[in-house]
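To start, the structure itself, in structure tokens.
Side chains are part of it too, since the values below use all heavy atoms of this structure and drop only hydrogens, waters and symmetry mates. Note that the structure is a prediction, hence the values are computed from the model and not measured.
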Amino acid sequence: QVQLVESGGGLVQAGGSLRLSCAASGSIFRVNAMRWYRQAPGKQRALVAAIRSGGSTNYVDSVKGRFTISRDNAKNTVYLQMNSLKPEDTAVYYCNADLWVVAGPSTRDYWGQGTQVTVSS
């Protein structure tokens, strides 16, 4: 089985910073892309940032210049450094990983449980 464990969420004032972490564990052969999504109240879940196995990254326009996604392949861990936070960043943040399970026939998507980020004005 595969588990994605997130940490780092919490309450922060506008202009502050948070660093989210997500560690994938279990019978993993190789992790491909890792991503962060978020879902604000009353809105659909949306992609925030993605990082491929080779290190290339993509960001939604609203977080460019403020958020940085990175990964530690040795730890199967993805990070999201969030700076200059705004109230509109308030959402539940979800970790996602596309990976090969040991002896698995194909890649599968796995999700973390979500972690709340609240930015006060």
Side-chain angles (χ1 to χ4, degrees):
Q1 293 184 345
V2 174
Q3 301 85 38
L4 272 60
V5 179
E6 298 165 311
S7 62
L11 175 64
V12 66
Q13 292 184 338
S17 298
L18 286 173
R19 182 176 174 87
L20 305 183
S21 300
C22 174
S25 62
S27 56
I28 298 169
F29 174 68
R30 184 170 65 188
V31 179
N32 293 325
M34 304 188 81
R35 310 172 184 90
W36 288 98
Y37 288 76
R38 67 186 180 187
Q39 187 168 18
K43 295 185 178 180
Q44 297 287 90
R45 188 176 301 185
L47 180 67
V48 177
I51 184 166
R52 300 201 299 177
S53 60
S56 61
T57 60
N58 294 99
Y59 301 91
V60 67
D61 286 344
S62 60
V63 308
K64 287 181 178 178
R66 299 189 299 119
F67 290 11
T68 302
I69 188 171
S70 61
R71 64 191 289 169
D72 184 337
N73 290 333
K75 298 180 179 180
N76 287 332
T77 299
V78 63
Y79 306 93
L80 187 67
Q81 178 67 46
M82 304 185 294
N83 299 325
S84 302
L85 283 162
K86 305 174 181 179
E88 48 264 46
D89 295 318
T90 295
V92 177
Y93 284 71
Y94 296 91
C95 175
N96 167 266
D98 178 41
L99 57 84
W100 287 88
V101 176
V102 172
S106 62
T107 59
R108 286 184 57 186
D109 269 1
Y110 291 86
W111 292 87
Q113 78 288 346
T115 184
Q116 177 70 48
V117 172
T118 302
V119 184
S120 62
S121 60

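We find that D61 and K64 are joined by a salt bridge, their nearest charged nitrogen and carboxylate oxygen being less than 4.0 Å apart.
A 4.5 Å side-chain heavy-atom check between R38 and V63 finds at least one atom pair inside the cut-off. Two residues are said to be in side-chain contact when any heavy atoms from C-beta on lie closer than 4.5 Å; Y79 and D72 meet this criterion. Side-chain atoms of R35 and D98, non-hydrogen and from C-beta on, do get closer than 4.5 Å to each other. A heavy-atom distance below 4.5 Å is found between the side chains of V117 and M82.
Other cluster members for W100: F29, V102, joined by side-chain heavy-atom distances under 4.5 Å among Ile, Leu, Val, Met, Phe, Trp and Tyr.
Considering T57, V31, T77 as possible partners of R71, the one that fulfils the side-chain contact (heavy atoms from CB on, under 4.5 Å) test is V31.
The minimum heavy-atom distance between L18 and G10, with the atom names listed, is CD1-O, 4.0 Å. Here the closest heavy-atom approach between residue A49 and residue L80 is recorded as CB-CD1, 4.2 Å. The minimum heavy-atom distance linking Y94 with Q113 is given by the pair CE2-O, 3.7 Å. A pairwise comparison of heavy atoms in L47 and V60 identifies O-CB, 3.7 Å as the closest pair. Residues M34 and A97 approach most closely at CE-CB, 4.1 Å, considering heavy atoms. Contact detail for L4 and A24: the closest heavy-atom pair is CD1-CB, 3.9 Å.
In this structure, the side chain of Y59 does not engage the main chain of R66 through any donor-acceptor pair within 3.5 Å. Although no hydrogens or angles enter the test, the distance criterion places no donor-acceptor pair under 3.5 Å between the side chain of Q39 and the main chain of V92. Of the possible polar contacts, one joining the T90 side chain to the V119 backbone as a donor-acceptor pair under 3.5 Å is found.
Rounding to the nearest 0.5 angstrom, the gap separating the CD atom in Q1 from the OG atom in S27 is 8.0 Å. Atom CG of N73 is separated from atom OG of S53 by 7.5 Å, given to the nearest 0.5 angstrom. Taken from OG in S62 to NZ in K86, the straight-line distance is 8.0 Å, to the nearest 0.5 Å.
Relative orientation of the W111 and Y37 rings is tilted, given thresholds of 30° and 60° on the angle between their planes.
Other residues, nucleotides and ligands contribute at most 12 non-hydrogen atoms within 6.0 Å of the CZ atom of R108.
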